[in-house]
Asker: 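One structure coming up, written as structure tokens, with questions to follow.
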2 protein chains.
Amino acid sequence: MQAKEAAERLKITQRMLRHYEKEGLLEVGRTLNGYRSYTEADLRRAGRIRDFIATGFSTREIRAMAACLSDEGSGPCEGGVEKLREKLEHIDRLRAELDEKRGAVIDRLGTLQNGLATISSR
Amino acid sequence: MQAKEAAERLKITQRMLRHYEKEGLLEVGRTLNGYRSYTEADLRRAGRIRDFIATGFSTREIRAMAACLSDEGSGPCEGGVEKLREKLEHIDRLRAELDEKRGAVIDRLGTLQNGLATISSR
DNA sequence: CCAAAGCCTGACCTACATGTTAACGTTAGA
DNA sequence: TCTAACGTTAACATGTAGGTCAGGCTTTGG
């Protein structure tokens, strides 16, 4: 599919799709006329990138992860084991924080809605 | 407590503590000599700010939320509920991906270590 | 009293996500 | 054929996290 549709489906801008590409996070094929042609797999990958960025990862970090996480190519994974270990720590810590956060947000949502309900039912 | 200890306990820099303050996310008392004096409550709050930032919230968003998240003041909470919902979506989506990824990382670690063990035992 | 170590403010610099705009090629419909 | 809508690249602009450094207090231990 073309850029416009891809961006719409991902709810990001075409600008950011190009940005991911320039940062080496995504490779997108071209049609004869030079237009980008996004596959469904591209969309899924881009969606993950979008979420990682929205959750505080830099393109640099994402790039490092991508190299080490690929199923094939045990090739260019320099010092990969340590990096992976570090990353695991980060991920686990983040998971815990996200859980906390999630709970807090949900609680708060409840409180707000109760508050609003209380007010509007006066 | 003083700035140095606060920063050490939070594992961030004094710079960032001051930054939070300047951004209006944190109010810290002063001693007679003008030094900041952090209470335990300040630490907890700063820790939360740190985690929010590390998880992709901007100071602007946190500020908006702070209004929404405070236990009192149901006052200036414009559109807060929707924002909270959006963030929840991101968080949940990412949680799922992190789980996936975590599994992949663990597998990959195993593979690498087996590989190394195989080599070193030759 | 002096030096070391802390604190303060303010300014400057970097990295990076993201928006916007200009200049230009392509495609499809009236 | 003309125009609108789409695509492309490249350049410039902005907002913000975060580092670092300078100049100048205060506190504390020898």
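Residue numbers start from 1 in every chain, and the chains themselves are labelled A, B, ... in the order their sequence lines are given, proteins ahead of strands.
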Asker: Under 3.5 Å, which donor-acceptor pairs do the side chains of residues 28-43 of chain A form with other protein atoms, sequence neighbours left out?
Answerer:
{"unit_1": "A:Arg30", "atom_1": "NH1", "unit_2": "A:Gly34", "atom_2": "O", "d": "2.9"}
{"unit_1": "A:Thr31", "atom_1": "OG1", "unit_2": "A:Asn33", "atom_2": "OD1", "d": "2.7"}
{"unit_1": "A:Thr31", "atom_1": "OG1", "unit_2": "A:Tyr35", "atom_2": "O", "d": "3.3"}
{"unit_1": "A:Asn33", "atom_1": "OD1", "unit_2": "A:Tyr35", "atom_2": "N", "d": "2.8"}
{"unit_1": "A:Arg36", "atom_1": "NE", "unit_2": "A:Glu21", "atom_2": "OE1", "d": "2.6"}
{"unit_1": "A:Thr39", "atom_1": "OG1", "unit_2": "A:Ala41", "atom_2": "N", "d": "3.3"}
{"unit_1": "A:Thr39", "atom_1": "OG1", "unit_2": "A:Asp42", "atom_2": "N", "d": "3.0"}
{"unit_1": "A:Thr39", "atom_1": "OG1", "unit_2": "A:Asp42", "atom_2": "OD1", "d": "3.4"}
{"unit_1": "A:Thr39", "atom_1": "OG1", "unit_2": "A:Asp42", "atom_2": "OD2", "d": "3.2"}
{"unit_1": "A:Glu40", "atom_1": "OE1", "unit_2": "A:Arg9", "atom_2": "NH2", "d": "2.9"}
{"unit_1": "A:Glu40", "atom_1": "OE2", "unit_2": "A:Arg9", "atom_2": "NH1", "d": "3.1"}
{"unit_1": "A:Asp42", "atom_1": "OD2", "unit_2": "A:Thr39", "atom_2": "N", "d": "3.0"}

Asker: Quick one: what's the B/S/- string for nucleotides 3-17 of chain C, heavy-atom cutoff under 4.0 Å, read 5' to 3'?
Answerer: ---BSSB------SS
Asker: Could you pull out the closest heavy-atom pair between B:Arg63 and B:Gly24, with the gap in Å?
Answerer: CG-O, 4.5 Å
Asker: Specify the closest pair of heavy atoms between A:Ala3 and A:Leu17, including all atoms of both residues, with the distance to one decimal.
Answerer: O-CD1, 4.4 Å
Asker: Identify, with sequence neighbours excluded, every residue that meets salt bridge (Lys or Arg N to Asp or Glu O under 4.0 Å) alongside B:Glu8.
Answerer: none
Asker: Test side-chain contact (heavy atoms from CB on, under 4.5 Å) on B:Met16 and B:Arg50 and set out the steps.
Answerer: CA-CA 9 Å; B:Met16 289 318 293; B:Arg50 172 203 61 195; over 6 Å; no
Asker: Mapping A:Tyr20 and A:Leu32 to their closest nucleotides on DNA chain C, which lands nearer the 5' end?
Answerer: A:Tyr20
Asker: Does a side-chain N or O of B:Asn33 approach OP1 or OP2 of D:dC25 to a distance below 4.0 Å, or not?
Answerer: no
